Amino acid sequence: MKVKPVGIERTELLHKGKANNVWATNDPRFLELEASDRISAGNGAKTDVIAGKGEANNLISMAIFSQLEEKGIPTHYVGPGSNAASKIVLKAEPILLEVIGRFKATGSYVKRYECENMLEFDGVYVEYTYKSDNAGDPVIPNDAIVALGILTKRELGYIEYLTEQVALTIRDFFAECDGELIDFKIEFGRLPNGQIVVIDEISPDTCRILDAKTGMSLDKDRFRKDMGDVAEAYQEMAKRVAGLAEDEKSSTGGCAFMA
Ligand code: 5GP
């Protein structure tokens with residue numbers, strides 16, 4: 001369980017992204033990542049503001065990062081930040097890849113390969129996109145990742161292994177919240193000592209989650225596909241994650257999921 005780090009205070013805003021704000025802190029080793037209510041899709045083509053999304057995503061993301069740490073999967077997560085929408089993280093050099101894990105085929109995969117929607121993969125299917133708004137985040141083959149010097153072959157193998165571990169951990173996590181994880185995107189970075197760690201956020205903005213009973217989308221697809229009830233979906237997931245934490249607290253006297 002992570003507690004609020006003592007003595008780390010945010011200072012100036014370093015970067016305002018499409019969905020998140022990055023703050024410097026009074027300690028150069030740490031940053032504060034603040035999840036905002038901004039939402040966007042189609043590389044910024046469609047934008048809106050969803051009240052309460054930042055707090056909901058941060059609660060979910062902190063719970064998931066705590067779980068990853070408990071399973072021995074290295075992340076840059078340190079603990080809660082100065083408000084309910086923010087967390088303190090170790091400063092890491094981002095690796096310019098989006099790593100996608102899929103249990104079932106949907107979204108861009110189905111468009112690309114014209115396969116059946118929700119085709120189930122044998123295990124987790126891992127693919128990479130090159131993180132560049134200019135280039136439109138294209139899928140990047142393993143050989144290109146190495147040829148461009150983004151990762152060594154060995155590091156790529158390690159990232160694939162970590163992604164599979166993340167996949168299994170978060171699939172179980174969402175299953176405990178009566179959700180089915182369909183796919184997700186994660187990012188990695190390098191700490192100053194060279195260690196590769198999971199960075200950024202893992203939330204309904206970066207995962208597709210269906211309600212296990214009804215099949216209803218509980219993630220950003222509600223916004224992407226104009227399905228309505230966008231804020232409600234984020235609140236529902238946050239409520240389920242908070243409920244899980246309460247259950248853990250009462251059964252163990254502690255709290256496994258929540259930071
Ligand atoms: P797809 O490639 O099918 O569009 O997305 C696969 C998974 O990765 C989905 O869970 C989606 O939410 C996530 N994902 C892919 N690219 C991005 C991105 O640029 N931003 C965010 N937030 N999620 C992404």
Side-chain angles (χ1 to χ4, degrees), residues 1-41 43-44 47-69 73-99 131-134 137 166 170 184-207 219-220 223 230-231 234-235 237-238 241-242 245 255 257-259:
M1 183 175 93
K2 303 270 187 174
V3 293
K4 190 173 184 311
V6 180
I8 300 172
E9 304 296 339
R10 77 184 192 191
T11 52
E12 90 256 38
L13 181 63
L14 296 176
H15 174 71
K16 191 170 166 181
K18 279 184 278 206
N20 296 315
N21 302 322
V22 182
W23 294 80
T25 72
N26 54 352
D27 185 324
R29 294 170 300 168
F30 303 103
L31 295 172
E32 183 169 294
L33 297 190
E34 183 175 39
S36 84
D37 291 347
R38 299 187 294 278
I39 192 166
S40 75
N43 202 4
T47 60
D48 205 346
V49 172
I50 304 296
K53 178 177 82 82
E55 289 192 7
N57 271 354
N58 190 54
L59 179 136
I60 297 164
S61 195
M62 289 198 300
I64 289 175
F65 272 80
S66 293
Q67 271 278 287
L68 298 180
E69 288 280 331
I73 301 166
T75 80
H76 71 158
Y77 178 55
V78 175
S82 63
N83 63 57
S86 69
K87 62 178 185 256
I88 303 293
V89 300
L90 288 167
K91 204 182 273 181
E93 187 61 40
I95 293 169
L96 292 181
L97 295 174
E98 294 192 337
V99 185
K131 195 172 159 62
S132 159
D133 284 344
N134 278 345
D137 294 348
V166 170
I170 63 176
F184 62 90
K185 181 265 296 180
I186 51 176
E187 297 189 22
F188 290 90
R190 280 193 181 85
L191 297 181
N193 67 4
Q195 190 189 4
I196 289 178
V197 294
V198 182
I199 63 165
D200 197 44
E201 66 168 330
I202 303 178
S203 73
D205 267 4
T206 63
C207 299
D219 58 69
K220 192 169 145 182
F223 174 72
V230 181
Y234 286 91
Q235 292 309 324
M237 275 314 305
V241 169
C255 174
F257 290 125
M258 298 299 294

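Everything numeric here is computed off the predicted structure, so don't read it as measured data.
With a 4.5 Å cut-off on side-chain heavy atoms, L33 and H76 count as touching. With contacts defined as side-chain heavy-atom distances shorter than 4.5 Å, the pair I73/V166 qualifies. Side-chain atoms of R38 and T47, non-hydrogen and from C-beta on, never get closer than 4.5 Å to each other. Put simply, the side chain of N83 reaches to within 4.5 Å of the side chain of R10, judged on heavy atoms. Looking only at side-chain heavy atoms (C-beta outward), I39 and Y234 come within less than 4.5 Å of each other. Within the 4.5 Å cutoff, no side-chain heavy atoms of V197 are placed close to those of F188. Contact check for I196 versus P74: no side-chain heavy atoms found under the 4.5 Å cut-off.
Between G7 and N26 the shortest heavy-atom distance is O-ND2, 3.0 Å. Of all heavy-atom pairs spanning P5 and V78, the tightest one is CG-CG1, 3.7 Å. In terms of heavy-atom proximity, F223 sits nearest to D48 at CE1-CB, 3.6 Å. Nearest approach of A84 to E55, heavy atoms of both residues: CB-CD, 3.7 Å. For K91 against P192, the heavy-atom pair with the smallest separation is O-CD, 3.6 Å. When all heavy atoms are compared, the tightest approach of S86 to E32 is OG-OE2, 3.1 Å.
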Side chain to side chain contact (heavy atoms under 4.5 Å, CB included) between L59 and V241, worked out: CA-CA 8 Å; L59 179 136; V241 169; 3.8 Å; yes
Begin from the C-alpha positions of E98 and K131 and carry the test salt bridge (charged side-chain N to carboxylate O under 4.0 Å, His left out) through to its verdict. CA-CA 6 Å; E98 294 192 337; K131 195 172 159 62; 3.7 Å; yes
Please determine whether side chain to side chain contact (heavy atoms under 4.5 Å, CB included) holds for the pair I202 and C207, giving the CA-CA distance in whole Å, both sets of side-chain angles, and the decisive distance to 0.1 Å. CA-CA 7 Å; I202 303 178; C207 299; 3.7 Å; yes
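Around atom NZ of K18, more than 12 heavy atoms belonging to other residues, nucleotides or ligands sit under 6.0 Å away.
Between atom NZ of residue K87 and atom CG of residue N58 there is a gap of 6.0 Å, rounded to the nearest 0.5 Å. Atom CD1 of I170 sits about 12.0 Å away from atom CD1 of I60, to the nearest 0.5 Å. Taken from CD1 in I64 to OG in S203, the straight-line distance is 7.5 Å, to the nearest 0.5 Å.
A donor atom on one side chain and an acceptor atom on the other are found under 3.5 Å apart for T75 and E69.
For the side-chain hydrogen bond (donor to acceptor under 3.5 Å, both in side chains) criterion with N21, the lone passing option out of K16, H15, E34 is E34. Here the rule is side chain to side chain contact (heavy atoms under 4.5 Å, CB included) with L31, and of I8, I88, L90, V22 only V22 fits it.
Under the 3.5 Å distance criterion, the side-chain polar atoms of S36 are matched with a main-chain donor or acceptor of A19. E201 places no side-chain N or O within donor-acceptor distance of the main-chain N or O of N57, the cut-off being under 3.5 Å.
The salt bridge (Lys or Arg N to Asp or Glu O under 4.0 Å) search around K185 returns E187, D200, not counting sequence neighbours.
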